Amino acid sequence: MRFGFFDSDGLKLRYFEAGNGRPLILVHGLGGSLEAWSEQYDELSRRFRVVALDLRGFGMSDVPESVSIGDFARDVSNLMEHLGIQKASILGHSMGGLVCMEFYARYPEKVESLILANTFHRLPKSVREEFEKRLEILESSPDMSQIAAFISQISLYQNRPEHRELVETIIRKNDKRIYTLATAEISRADYEELLPRIDVPVLVIVAEHDVTTPPAFGEVIHRLVPNSVLRRVSSSAHLSMLENPEEFNRAVVEFLEGLQQ
């Protein structure tokens, strides 16, 4: 188990690596960091070579002038090159799911499988309005404290204090400008045409009580991707990997081990 830094387009980005076996790369969501996967590392690294990163502008990585989903996909590719990984399964949560889709569009030869958790392929009007609300909060706030409280409120179902504190701590550390730019970027994302062309195995994970990316979003992805399976995580909202890691990790392990059969 080790932490390190690598170069991505001249930026110094942080990553984490643990375990051996087939590579599995974890890509966090908007405002996240590699700490968001704290409930996955021990379990998944027993079976796989688990790698996670702080995308540019997030966590302990360098803050650039601007960000795009394409930039984030390039971060993943550069990390793979740094670690000598030719091909990997990529697991993305929320915005990280969009990064997975963009990564596949750019580097299909580097993808063994995709795991798309609590995500969407394009935002319907109702959710765009919710993202506009986030932008309004950001514009009227001097720092990230108010948006951190808002995100923890809508992203957690069990509302356990330790989960709320972890989420708010991660979000508060964000650069407000980068968070705002990334929010605008993902609100414009559209992978409708890509999904039917994906020809690697795909696991779609939805959460029972997710109001940010409701199960219906994942069900649409499942219908559009030919070689996909859908798993539902109970007793959890948008941060299903944190609130119900047992079911989340089991879904990931069963899917990846099934690829070997």
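Given the structure is predicted, the values throughout are model-derived calculations rather than measurements. Count residues from 1 along the sequence.
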Handout entry: Candidate pair Phe120 and Leu98, rule side-chain contact (heavy atoms from CB on, under 4.5 Å), full reasoning
Key = CA-CA 7 Å; Phe120 55 92; Leu98 299 177; 3.6 Å; yes
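- With sequence neighbours excluded, the residues forming a side-chain hydrogen bond (donor to acceptor under 3.5 Å, both in side chains) with Asp71 are Ser68, Arg74, listed by chain and number.
- Looking at Ser33, its side chain does come within 3.5 Å of a backbone N or O of Glu35 through a donor-acceptor pair.
- Distance check, rounded to the nearest 0.5 Å: NZ of Lys173 to CD1 of Ile170 gives 8.0 Å.
- With hydrogens and angles disregarded, a donor-acceptor distance shorter than 3.5 Å links the side chain of Ser152 to the backbone of Ala149.
- Under the rule for a ring-ring contact (aromatic ring centres under 6.0 Å, His included), His121 has no partner lying at least two apart in sequence or in another chain.
- Taking 4.5 Å as the limit, some side-chain heavy atom of Asn78 sits within range of a side-chain heavy atom of Phe6.
- Under the 4.5 Å side-chain contact rule for hydrophobic residues, Met60 and Tyr41 do not share a cluster.
- One distance of note links CG of Leu44 with CG of Leu256; it measures 8.0 Å at 0.5 Å rounding.
- Under the 4.5 Å side-chain criterion, counting only non-hydrogen atoms from C-beta, Val202 is not in contact with Asn227.
- The cluster map of Ile, Leu, Val, Met, Phe, Trp and Tyr, joined by side-chain heavy atoms under 4.5 Å apart, puts Phe5 and Leu53 in different clusters.
- The backbone N or O of Ser235 sits less than 3.5 Å from a side-chain atom of Gln158, completing a donor-acceptor pair.
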Practice task
Show your working on side-chain contact (heavy atoms from CB on, under 4.5 Å) between Phe72 and Val27 and close with a plain yes or no.
Solution key: CA-CA 9 Å; Phe72 298 147; Val27 185; over 6 Å; no
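- Residues Glu109 and Lys87 are not paired through a salt bridge, judged by the lack of any N-O separation under 4.0 Å between the basic side chain and the carboxylate.
- Residues Asn118 and Thr213 bring no donor and acceptor atom of their side chains to less than 3.5 Å of each other.
- Using a 4.5 Å heavy-atom cutoff, the side chains of Val252 and Ile115 are in contact.
- A side-chain donor from one of Lys110 and Ser77 sits under 3.5 Å from a side-chain acceptor of the other.
- Taking the side chain as every heavy atom from C-beta outward, Pro215 and Glu219 approach each other to under 4.5 Å.
- Arg46 is linked by a salt bridge (Lys or Arg N to Asp or Glu O under 4.0 Å) to Glu43, counting only residues two or more places apart in sequence or in another chain.
- Rounding to the nearest 0.5 angstrom, the gap separating the CG atom in Leu230 from the CD1 atom in Ile221 is 9.5 Å.
- Here the closest non-hydrogen pair linking Cys100 and Gly92 is SG-N, 3.4 Å.
- Glu247 and Ser234 form a side-chain donor-acceptor contact under 3.5 Å, judged by distance and modelled atom types alone.
- One N or O on the side chain of Thr183 and one on the backbone of Tyr179 form a donor-acceptor pair closer than 3.5 Å.
- Residues satisfying the salt bridge (Lys or Arg N to Asp or Glu O under 4.0 Å) test with Arg188, not counting sequence neighbours, are Glu185.
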Result block: side-chain N/O donor-acceptor pairs under 3.5 angstrom for residues 136-143, not counting sequence neighbours:
unit_1, atom_1, unit_2, atom_2, d
Ser140, OG, Glu136, O, 3.1
Ser140, OG, Ile137, O, 3.2
Ser141, OG, Ile137, O, 2.6
Ser141, OG, Gln146, OE1, 2.9
Asp143, OD1, Ser145, N, 3.0
Asp143, OD1, Ser145, OG, 3.3

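- Within the 4.5 Å cutoff, side-chain heavy atoms of Leu114 are placed close to those of Ile198.
- Remark: Arg106 engages Glu102 in a salt bridge, criterion side-chain N to carboxylate O under 4.0 Å.
- Applying the side chain to side chain contact (heavy atoms under 4.5 Å, CB included) test to Asp7 and every residue at least two apart in sequence or in another chain returns nothing.
- Taken to the nearest 0.5 Å, the CD atom of Glu168 stands 9.0 Å off from the CD1 atom of Ile171.
- Not one N or O on the side chain of Thr119 forms a donor-acceptor pair closer than 3.5 Å with the backbone of Leu116.
- Remark: Glu17 engages Arg2, Tyr15, Arg49, Val51, Leu83 in a side chain to side chain contact (heavy atoms under 4.5 Å, CB included) (not counting sequence neighbours).
- The backbone N or O of Arg177 sits less than 3.5 Å from a side-chain atom of Asp175, completing a donor-acceptor pair.
- Residues Ser240 and Ile205 approach most closely at OG-CG2, 4.5 Å, considering heavy atoms.
- A donor atom on one side chain and an acceptor atom on the other are not found under 3.5 Å apart for Ser236 and Asn244.
- Residues Arg172 and Ala148 come closest through the heavy atom pair CG-CB, 3.7 Å.
- Ring orientation note: the planes of Phe58 and His28 are nearly perpendicular, at an angle over 60° on the 30°/60° scale.
- Counting heavy atoms from C-beta outward, Val76 and Ser8 have side chains that stay 4.5 Å or more apart.
- Scanning all heavy atoms of the two residues, the minimum distance from Leu30 to Met95 falls at N-CB, 3.5 Å.
- Here the CD1 atom belonging to Ile25 is positioned 4.0 Å from the CD1 atom belonging to Ile90, to the nearest 0.5 angstrom.
- The nearest pair of heavy atoms linking Ile178 to Pro64 is CD1-O, 3.5 Å.
- Legend: salt bridge (charged side-chain N to carboxylate O under 4.0 Å, His left out) pairs involving residues 191-212, not counting sequence neighbours, sorted by first then second residue: Arg122-Glu192.
- Between Leu259 and Ser89, the shortest heavy-atom distance links the atoms CD1-OG, 4.5 Å.
- For residues 151-161, the set of pairs meeting the salt bridge (charged side-chain N to carboxylate O under 4.0 Å, His left out) definition, not counting sequence neighbours, comprises Arg160-Glu162.
- Side-chain atoms of Asn249 never come within 3.5 Å of backbone atoms of Gln40 as a donor-acceptor pair (strictly under, hydrogens ignored).
- Here Asp75 pairs with Arg56 under the salt bridge (Lys or Arg N to Asp or Glu O under 4.0 Å) rule; sequence neighbours left out.
- Scanning for salt bridge (Lys or Arg N to Asp or Glu O under 4.0 Å) contacts around Arg231 gives Glu254, with sequence neighbours left out.
- By the neighbour-count criterion of 12 heavy atoms within 6.0 Å, atom NZ of Lys12 is sparsely surrounded, having that number or fewer from other residues, nucleotides or ligands.
- The list of ring pair (Phe, Tyr, Trp, His ring centres under 6.0 Å) pairs with a residue in residues 196-247, not counting sequence neighbours, reads His93-His238, Tyr157-His209.
- Note that the CG atom of Leu135 and the OG atom of Ser187 stand 7.0 Å from one another [nearest 0.5 Å].
- A heavy-atom distance below 4.5 Å is not found between the side chains of Tyr107 and Met80.
- Put simply, the side chain of Leu13 does not reach to within 4.5 Å of the side chain of Leu55, judged on heavy atoms.
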